[in-house]
Amino acid sequence: MWLMRQAGRYLPEYRALRAEKGGFLALATDPQAAAEVTVQPIRRFGFDGAILFSDILMVPWALGQNLSFGAGEGPRLAPALVDHALNALQSVPERLEPVYATVAGVKAQLPPQTSFLGFAGSPWTVATYMVAGQGSKDQGETRRFAYADPQGFGAIIDAIVEMTIDYLAGQVANGVEAVQLFDSWAGSLSPAQFERWVIAPNAAIVEGFRARCPGVPVIGFPKGAGGKLPAYARETEVDAVGLDETVDPVWADTSLPQGLPVQGNLDPLALIAGGEALDGAVDRILAAFTERPHIFNLGHGILPDTPIAHVERLIARVRNQA
């Protein structure tokens, strides 16, 4: 088991280090500090996997957009591609070097029994930020762009695919043992658009990455995919599928390819609630996946107001100690 965003704001030691560094980007691009954040939850909880501390927007930053994180505003990318052409950007792949240095630093510190996971954002989700210049609730600008100019939007997707393969291969070269593709906004697309902008690009990444890094597992996490999950699993050929908290684990077990490992899918709010709500949710998930490989995880990232004691209870419950 491990938890998405396990290296983050719910930990007092993380909050102290972030305050010292003065901002997210400064923290994420300081290899020593980012490595420390990555190992903090391993040191405290002994999770089975460590997830690299970084951000999905490192790829657009490496593609030449300017990246900033304003207090209380979330990330900003400039220039926004809704008004500017992709070919006006100049790639700066060396911006990824601090991430590779972080990976090497983490690898040197991890216990041998702890798996080390790298990650990248999936092309659709990354493109929504690149086009709009920021996050949005319905990804409307990017969806309109994709309908109105599929060739131009396809060029953005292709650039993300190419850079992401290089980025993940660089992480592996420096020590990660598996990778996860986060498609946080996959649920905003119609079925045909999902096929074109989620399944096809992720399949291209998996194929290209496997050619560079044979044998390294890929976890695909298309949040919000719902009934499109079986097609995603079959057509991308990922090694495991992450399930968000809205997916019925019993349905997933009967609908996904037999033997395919799954990851998830505890509601982060059940973890905050704790007590019987947490115990019952954990038990239902564990019972659903007794016949297939299962990585216990949340259905999305751990929330900042999650009590440490509830994480401890979760770990004990999953490991049959509570």
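No experiment lies behind these values; they were computed from the predicted model shown.
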Chemist: Considering residues, nucleotides and ligands other than Glu97, do more than 12 of their heavy atoms fall under 6.0 Å from its CD?
Modeler: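 Result for CD/Glu97: enclosed.
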
Chemist: Give a yes or no on this: more than 12 heavy atoms of other residues, nucleotides or ligands lie within 6.0 Å of atom CD of Glu276.
Modeler: no

Chemist: Under the rule for side chain to side chain contact (heavy atoms under 4.5 Å, CB included), what residues qualify as partners of Pro111, not counting sequence neighbours?
Modeler: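 Testing Pro111 for side chain to side chain contact (heavy atoms under 4.5 Å, CB included), a comparison that skips the adjacent residues, returns Ile42, Gln113, Thr114.
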
Chemist: Got a second to check how far Leu303's CG is from Arg5's CZ, nearest 0.5 Å?
Modeler: 7.5 Å

Chemist: Flag the pair Met163 / Pro60 as yes when at least one side-chain heavy-atom distance between them is below 4.5 Å, and no otherwise.
Modeler: no

Chemist: How long is the gap from CG on Leu67 to CH2 on Trp61, to the nearest 0.5 Å?
Modeler: 7.0 Å

Chemist: Using side chain to side chain contact (heavy atoms under 4.5 Å, CB included), reason through Val176 and Phe119 one step at a time and then give a plain yes or no.
Modeler: CA-CA 9 Å; Val176 304; Phe119 76 92; over 6 Å; no

Chemist: For Ala120 and Thr164, work out which heavy atoms get closest and say how close.
Modeler: CB-CG2, 3.7 Å

Chemist: Considering only NZ, NE, NH1 and NH2 on the basic side and carboxylate oxygens on the acidic side, decide whether Glu13 and Arg44 come within less than 4.0 Å.
Modeler: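 Salt bridge present between Glu13 and Arg44.
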
Chemist: If the threshold is 4.0 Å, N to carboxylate O, is there a salt bridge linking Glu36 and Lys21?
Modeler: no

Chemist: Looking at every heavy atom in both Ser122 and Asn202, which two are closest together, and how far apart are they?
Modeler: OG-OD1, 2.8 Å

Chemist: List the atom of Val282, the atom of Leu314, and the distance in Å for their closest heavy-atom pair.
Modeler: CG2-CD1, 3.5 Å

Chemist: Let me see the working for Gln180 and Gln263 under side-chain hydrogen bond (donor to acceptor under 3.5 Å, both in side chains), right down to the final yes or no.
Modeler: CA-CA 11 Å; Gln180 175 158 311; Gln263 176 179 276; 2.9 Å; yes

Chemist: Can you tell if the side chain of Ile302 reaches within under 4.5 Å of the side chain of Val311, non-hydrogen atoms only?
Modeler: yes

Chemist: How about CD on Glu162, more than 12 heavy atoms from neighbouring residues, nucleotides or ligands closer than 6.0 Å, or not?
Modeler: no

Chemist: Taking NZ, NE, NH1 and NH2 as the nitrogens, is one of them in Arg317 or Asp283 under 4.0 Å from a carboxylate oxygen of the other?
Modeler: yes

Chemist: Evaluate the side-chain hydrogen bond (donor to acceptor under 3.5 Å, both in side chains) criterion for residues Tyr147 and Arg143: first the C-alpha distance (whole Å), next the side-chain angles of each, then the deciding distance (0.1 Å), finally the verdict.
Modeler: CA-CA 6 Å; Tyr147 277 121; Arg143 289 159 58 204; over 6 Å; no

Chemist: As a quick check of understanding, evaluate side chain to side chain contact (heavy atoms under 4.5 Å, CB included) for Thr142 and Trp185, giving each step before the final call.
Modeler: CA-CA 11 Å; Thr142 310; Trp185 301 124; over 6 Å; no

Chemist: Against Ile156, only a single residue in Leu89, Leu86, Leu63 fulfils side chain to side chain contact (heavy atoms under 4.5 Å, CB included); can you say which?
Modeler: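 Single side chain to side chain contact (heavy atoms under 4.5 Å, CB included) partner of Ile156 among Leu89, Leu86, Leu63: Leu86.
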
Chemist: So does Lys107 pair up with Glu177, basic N to acidic O under 4.0 Å?
Modeler: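 Salt bridge flag = yes for Glu177 with Lys107.
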
Chemist: Are more than 12 heavy atoms from other residues, nucleotides or ligands located less than 6.0 Å from atom CZ of Arg210?
Modeler: yes

Chemist: May I have the list of side-chain donor-acceptor pairs in residues 216-235 shorter than 3.5 Å, sequence neighbours left out?
Modeler:
none

Chemist: With side chain to side chain contact (heavy atoms under 4.5 Å, CB included) as the test, would you mind laying out the steps for Glu20 and Leu27 before giving the verdict?
Modeler: CA-CA 9 Å; Glu20 177 186 325; Leu27 180 57; over 6 Å; no

Chemist: Any non-hydrogen side-chain atom of Asn265 less than 4.5 Å from a side-chain atom of Ile285?
Modeler: yes

Chemist: For Phe53 and Phe24, I'd like to know if the aromatic rings sit close, meaning centre-to-centre distance below 6.0 Å.
Modeler: yes

Chemist: Can you check whether Phe194 reaches Ile199 side chain to side chain, under 4.5 Å on heavy atoms?
Modeler: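 Touching, per the 4.5 Å side-chain cut-off.
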
Chemist: So, taking the atom named CG in Leu110 and the one named OG in Ser115, what distance separates them when rounded to the nearest 0.5 Å?
Modeler: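 The OG atom of Ser115 is 9.0 Å from CG of Leu110, to the nearest 0.5 Å.
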
Chemist: With a 6.0 Å cut-off (strictly less than), is the heavy-atom count around CD of Glu312, excluding the residue itself, greater than 12?
Modeler: yes

Chemist: Work out which heavy atom in Thr102 is nearest to a heavy atom in Pro31; give both atom names and the distance.
Modeler: OG1-CA, 3.2 Å

Chemist: Side-chain contact test, heavy atoms from C-beta onward, threshold under 4.5 Å: evaluate it for Phe47 versus Gln6 and give yes or no.
Modeler: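 Answer yes - side chains close enough.
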
Chemist: Any pair with a residue in residues 284-300 that passes side chain to side chain donor-acceptor pair (under 3.5 Å), sequence neighbours left out, goes on the list, sorted by first then second residue, please.
Modeler: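 Applying side chain to side chain donor-acceptor pair (under 3.5 Å) to every pair that reaches into residues 284-300, excluding sequence neighbours, yields Asp253-Arg292.
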
Chemist: Same cluster or not: are Val241 and Val250 linked, directly or through other Ile, Leu, Val, Met, Phe, Trp or Tyr residues, by side-chain heavy atoms under 4.5 angstrom apart?
Modeler: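 They do not share one cluster, since no chain of ILVMFWY contacts under 4.5 Å joins Val241 to Val250.
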
Chemist: Can Arg319 and Asp48 be counted as an ion pair, charged N to O under 4.0 angstrom?
Modeler: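 Salt bridge: yes.
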
Chemist: Could you tell me whether the side chain of Ser188 reaches within less than 4.5 Å of the side chain of Asp138, counting heavy atoms only?
Modeler: no

Chemist: Given the rule that I, L, V, M, F, W and Y join up when any side-chain heavy atoms are under 4.5 Å apart, are Val92 and Tyr167 in one cluster?
Modeler: no

Chemist: In sequence, state the C-alpha distance, the side-chain angles, and the governing distance for Phe153 and Trp124, and then conclude on ring pair (Phe, Tyr, Trp, His ring centres under 6.0 Å).
Modeler: CA-CA 10 Å; Phe153 186 67; Trp124 164 253; 5.8 Å; yes

